[in-house]
Asks: 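Below you will find the structure I want to go over with you.
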There are 2 protein chains.
Amino acid sequence: MAKTKKNHDTEGQILAAAENVFQKKGMDGARMQEIADAAGINKAMLHYYYRSKQLLFEAVFTNAFSLLAPQLNKILNDDSAIEDKVKNFTNNYISFIIKHPYLPNFIIQELNRNPKFFEKIQQNAAFPTLEKFKNQVAEEVEKEILKPINGEQLFINIISLNIFPFVATPLIKGFLKIDDKGFKQMMEQRKTAVSEFIINSIKK
Amino acid sequence: MAKTKKNHDTEGQILAAAENVFQKKGMDGARMQEIADAAGINKAMLHYYYRSKQLLFEAVFTNAFSLLAPQLNKILNDDSAIEDKVKNFTNNYISFIIKHPYLPNFIIQELNRNPKFFEKIQQNAAFPTLEKFKNQVAEEVEKEILKPINGEQLFINIISLNIFPFVATPLIKGFLKIDDKGFKQMMEQRKTAVSEFIINSIKK
DNA sequence: TTATGGTTTAACCATTTGGTTAACAAAGAT
DNA sequence: ATCTTTGTTAACCAAATGGTTAAACCATAA
């Protein structure tokens, strides 16, 4: 807040509006005019503050990923046992995504459109790595806490189970013949159902 | 083949080119000119055969879904036991998607863009329903073949584990630091790893 | 008060894009 | 052979879109 002169945090308003529009419509579907309208300002301001659609988009994209990264670190770089991490992560992540429903699909979609964006998010300070998690799985398998399983496959399984329903929401709603309310209930159930499902499978 | 007059299956060439472009770039990112170029014909032909971008897109979309639907029916409407179906489906589905890598993301993305498209695919003759699967799960739980689990949640889990990696390929490649070849290997592993993971979790 | 410099706007511009048209080509039908 | 229908093309068009500009605005320092 409290920028110089008469600037009523226009830059922030633009970013907020751009987040909304880009996350719902993607880079290709978004229109600069629509973002300006959503922010309640003149279209020229978008260029004044962010130069181009591309740069505005990148601001939104890196911002979005920096919200997601700490969530992933909860499963990858926390010190507790795998079982506890799975329980915590699943519960937390689903709560988190219910508040930011467009986030995962946005990131995945734009990464598909331009895989080079991955480099951009890798520069993020909190960028998560798999090393620790892989070692920990191997260790707990060794100690016979877990059944034999490949750490990478387990990681894929965990994020698949947690993220996919939020990426494929319309598909799930369609097959299950449920509305928004039913979907939310189903996702609430998953906060425990998913971790149970995983633990059941891997715990010795 | 063998259409009337000098038509060298132009309509088919257009559809094939449109599939390529739409599936990679989506409705918003695709350009009619690019489709025409990919088909090696004049842009006006696209309109001659399909009237508009929207209609061409819908032809591609329903076509894509009609490829996917039979796959889903293997898990939903086959007569074998859940365990066998999970094994079969996982193996088959992953093989299938390796051949059509853009398919799941395309369908999910466009369904997110316009959830009303779900109605379009519901008209498909082979449109899969959950009823049988749900009953079967309840039955096998009753008979104590399976641990207690909600059929809908199990369905979500199965498709999440199978589909997600192909939707989030760049993300997976990035985190696991693998290239195309490594990714394919990982997916080959999953043909058995995923079904084992599921069976481990649900079998009593 | 006035000069200064960041902020904001309406109007404008060049390009892209989906779509149309009119002329032409090729193959039956007569 | 010529007429008619279908297929194909180059040129064109209007609307949309990202981006620019020149002028106006306005808070503040001198």
Side-chain angles (χ1 to χ4, degrees), chain A residues 1-63 106 109-110 113-114 117, chain B residues 1-63 106 109-110 113-114 116-117 120:
Chain A
M1 303 292 134
K3 282 262 183 154
T4 48
K5 302 218 168 168
K6 74 169 165 177
N7 179 340
H8 295 276
D9 192 28
T10 309
E11 192 171 344
Q13 282 174 258
I14 292 174
L15 195 66
E19 260 160 27
N20 255 303
V21 176
F22 274 131
Q23 290 187 18
K24 279 181 200 151
K25 310 215 168 170
M27 171 69 168
D28 291 332
R31 295 289 162 252
M32 293 298 266
Q33 188 60 58
E34 189 180 357
I35 295 172
D37 292 346
I41 47 112
N42 188 286
K43 181 165 68 89
M45 297 303 281
L46 304 185
H47 294 96
Y48 181 76
Y49 283 102
Y50 291 91
R51 292 260 313 264
S52 68
K53 186 185 185 186
Q54 179 66 21
L55 288 175
L56 176 55
F57 172 79
E58 285 176 19
V60 170
F61 186 78
T62 54
N63 209 31
F106 172 65
Q109 186 50 30
E110 297 304 325
R113 204 175 55 84
N114 184 2
F117 273 161
Chain B
M1 303 298 132
K3 282 261 183 157
T4 48
K5 303 218 170 168
K6 73 169 165 178
N7 180 342
H8 296 275
D9 192 28
T10 308
E11 193 170 344
Q13 283 174 258
I14 292 175
L15 194 67
E19 260 160 26
N20 255 302
V21 176
F22 275 130
Q23 292 186 17
K24 279 180 200 154
K25 309 218 169 167
M27 171 69 167
D28 291 332
R31 297 288 161 254
M32 294 298 266
Q33 187 59 60
E34 189 181 357
I35 296 172
D37 291 347
I41 48 112
N42 190 288
K43 182 165 67 87
M45 296 306 281
L46 303 185
H47 294 95
Y48 181 76
Y49 283 102
Y50 292 91
R51 290 265 310 266
S52 68
K53 186 184 186 185
Q54 179 66 22
L55 288 175
L56 177 54
F57 172 79
E58 285 175 22
V60 170
F61 186 79
T62 53
N63 208 32
F106 172 66
Q109 187 49 30
E110 298 304 325
R113 205 175 54 85
N114 184 2
K116 283 182 186 164
F117 273 161
K120 216 139 242 155

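It should be emphasised that the depicted structure is a prediction, and the values quoted were computed from it without experimental measurement. Per chain, numbering begins at 1; letters A, B, ... match sequence-line order.
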Asks: Quick check: closest heavy atoms across B/Ile35 and B/Ile14, and the distance to 0.1 Å?
Replies: CG2-O, 4.3 Å

Asks: Is the cationic atom of B/Arg113 (NZ for Lys, CZ for Arg) positioned less than 6.0 Å from the six-membered ring centroid of B/Phe57 and within 45 degrees of its normal?
Replies: yes

Asks: Is the A/Phe22 to A/Phe106 ring centre distance short of 6.0 Å?
Replies: no

Asks: With a 4.5 Å limit on heavy-atom distance, are the side chains of B/Glu58 and B/Tyr50 in contact?
Replies: no

Asks: Might you point out which heavy atoms bring A/Asp28 and B/Lys25 nearest each other, and give the distance in Å?
Replies: OD2-O, 4.1 Å

Asks: Is the closest side-chain donor-acceptor distance between A/Gln33 and A/Asp37 under 3.5 Å?
Replies: yes

Asks: Rounded to the nearest Å, what distance is computed from the NZ atom of residue B/Lys53 to the P atom of nucleotide C/dG18?
Replies: 5 Å

Asks: Take atom CG of B/Asp9 and atom C1' of D/dG7, then tell me their distance rounded to the nearest Å.
Replies: 13 Å

Asks: Do A/Asn42 and A/Tyr48 pass the side-chain contact (heavy atoms from CB on, under 4.5 Å) test, and can you show the C-alpha distance, the side-chain angles, and the key distance before you say yes or no?
Replies: CA-CA 10 Å; A/Asn42 188 286; A/Tyr48 181 76; over 6 Å; no

Asks: Any side-chain N or O of B/Thr10 under 4.0 Å from OP1/OP2 of D/dG7?
Replies: no

Asks: Rounding to a whole Å, what distance do you find between A/Phe57:CZ and D/dG19:P?
Replies: 14 Å

Asks: Does anything in residues 13-37 of chain A come within less than 4.0 Å of DNA chain C? Heavy atoms only, and list the residues if so.
Replies: none

Asks: For DNA chain C, what residues of residues 40-48 of chain B have any heavy atom nearer than 4.0 Å?
Replies: B/Lys43, B/Ala44, B/His47

Asks: Taking C-beta and beyond as the side chain, do B/Glu11 and B/Met45 meet within less than 4.5 Å on heavy atoms?
Replies: no

